[in-house]
Amino acid sequence: MHNIRKAIIPAAGLGTRMLPLTKVVPKELLPLATKPIIQHIVEEISEAGFEEVILVTNPNKFPLAKHFSRDIEIERKVLKNSTNSFLKDLGQLSNMKIKISNAIQHKALGLGHAILCSKKFIKNEPFAVVLPDMVIDSNKKNSNLALMKKKFEASGNSSLLLDVAKKSEVSKYGIVKVKKLKDSLNSFYIEGIIEKPKPEDAPSKLFAAGRYIFNNEIFKFLLKERPDSQGEIQLTGAISNYVKENPLMGFSLNGKIHDCGNKENYLLANLEFSRKDKNLNKILKKYFR
Ligand code: G1P
């Protein structure tokens with residue numbers, strides 16, 4: 001049994017595609033229906049059975065970790081005396097059992113570098129990486145992440161969550177080359193990965209969809225990774241060397257993914273998540289009528 005307890009959330013980015021919304025407010029604290037995006041993400045991790053989240057932020061994004069610290073004054077004033085159903089999200093937050101640690105990435109040197117910044121919290125354990133831009137709408141109790149965790153604990157094999165990109169969008173993501181597993185419609189062996197290829201160079205339309213599980217061996221490859229032309233250390237580079245020596249599985253996404261890193265998708269994600277909330281759905285229906 002390969003027990004996995006920790007998950008990294010790389011959240012040090014400047015949110016430039018969301019400006020001016022994100023000039024002061026971290027994009028992960030923007031609302032998605034009744035809760036900030038980061039709360040949806042941490043709940044997904046907590047419900048999948050992880051024990052600790054390592055939030056990687058830049059020094060200005062301290063409110064992210066603060067969102068998860070208890071505020072006795074708010075709890076005393078609001079939670080005890082109110083019956084407002086919107087407050088259940090706040091109650092859920094106060095009762096969350098997961099430990100939140102904060103690693104600092106001082107410079108925006110890429111996703112691979114953000115993961116390296118959490119190494120002192122991960123030590124020699126396996127871990128998940130959960131990208132907070134990618135919000136997944138799926139079965140809460142049996143999420144993609146929970147399934148990936150179970151598979152890792154049974155096999156010890158690292159894995160990525162995969163979804164299908166439109167041809168015009170392959171240059172936004174890490175695109176994988178896969179071999180299908182026998183007898184399985186939704187599991188693959190990953191043979192390679194290319195970061196943001198031109199459509200004509202893409203080995204498939206399957207992209208890394210923001211949920212990863214790694215055994216500790218990945219650090220060996222991250223430490224060897226050199227900065228790219230933008231000066232960033234990319235996770236994709238480390239993965240493409242990792243697969244030359246280690247098995248890496250890919251699992252198809254179950255549910256729908258919202259890339260909340262741009263304003264258009266963020267707006268649509270808000271509408272879809274709001275429609276799933278009983279109270280907000282009533283309000284929306286009345287408004288659009
Ligand atoms: C990152 C990864 C990419 C992945 C994407 C998913 O890119 O480098 O491989 O497909 O997240 O959102 P970014 O969105 O940070 O440019």
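Just follow the structure's listing: the first ligand is 1, and inside any ligand the first atom is 1.
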Could you tell me if any non-hydrogen atom of [X] lies under 4.0 Å from any atom of ligand 1?
{"X": "D133", "result": "no"}
{"X": "K172", "result": "no"}
{"X": "L235", "result": "no"}

Crowded around [X] [atom1]? As in, over 12 foreign heavy atoms under 6.0 Å?
{"X": "F121", "atom1": "CZ", "result": "yes"}
{"X": "K263", "atom1": "NZ", "result": "yes"}
{"X": "K172", "atom1": "NZ", "result": "yes"}

field: Heteroatom distance test (A209, ligand 1): nitrogen or oxygen, under 3.5 angstrom
entry: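 Between A209 and ligand 1 (N or O atoms, distance only) the closest approach is not under 3.5 Å.
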Polar atom proximity, G174 to ligand 1 (N or O, under 3.5 Å):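 Among all N and O atoms of G174, at least one is under 3.5 Å from an N or O of ligand 1.
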Option set R17, R211, E195, K196, criterion heavy-atom distance to atom 16 (O) of ligand 1, minimum: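 Closest candidate by heavy-atom distance is K196.
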field: K278 and N281 side chains, donor-acceptor separation under 3.5 Å
entry: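 Side-chain D/A pair, N281 to K278: absent.
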- prompt: Is there a donor in the side chain of N215 and an acceptor in the side chain of Y242, or the other way round, less than 3.5 Å apart?
  reply: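 Yes - a donor-acceptor pair under 3.5 Å links their side chains.
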- prompt: Starting from atom 4 (C) of ligand 1, which protein heavy atom do you reach first, and at what distance in Å?
  reply: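 Minimum-distance protein heavy atom for atom 4 (C) of ligand 1 reads A208 O, 3.4 Å.
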query: To which protein heavy atom is atom 11 (O) of ligand 1 closest, and what is the distance rounded to 0.1 Å?
result: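 That would be L131 CD1, 3.3 Å.
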- prompt: Which ligand 1 atoms are under 4.0 Å away from a heavy-atom of T236?
  reply: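 Numbered from 1, ligand 1 contributes 9 (O).
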message: Given the ring of F273, does K276 sit roughly above its face, with NZ or CZ under 6.0 Å from the centre of the six-membered ring and within 45° of the axis?
response: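 Output no; distance or angle outside limits.
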message: Yes or no, since that's all I need: does a protein heavy atom fall within a distance strictly under 4.0 Å of atom 14 (O) of ligand 1?
response: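 Within 4.0 Å: no protein heavy atom nearby.
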message: Under the rule for ring pair (Phe, Tyr, Trp, His ring centres under 6.0 Å), what residues qualify as partners of H67, not counting sequence neighbours?
response: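 Not a single residue meets the ring pair (Phe, Tyr, Trp, His ring centres under 6.0 Å) criterion with H67.
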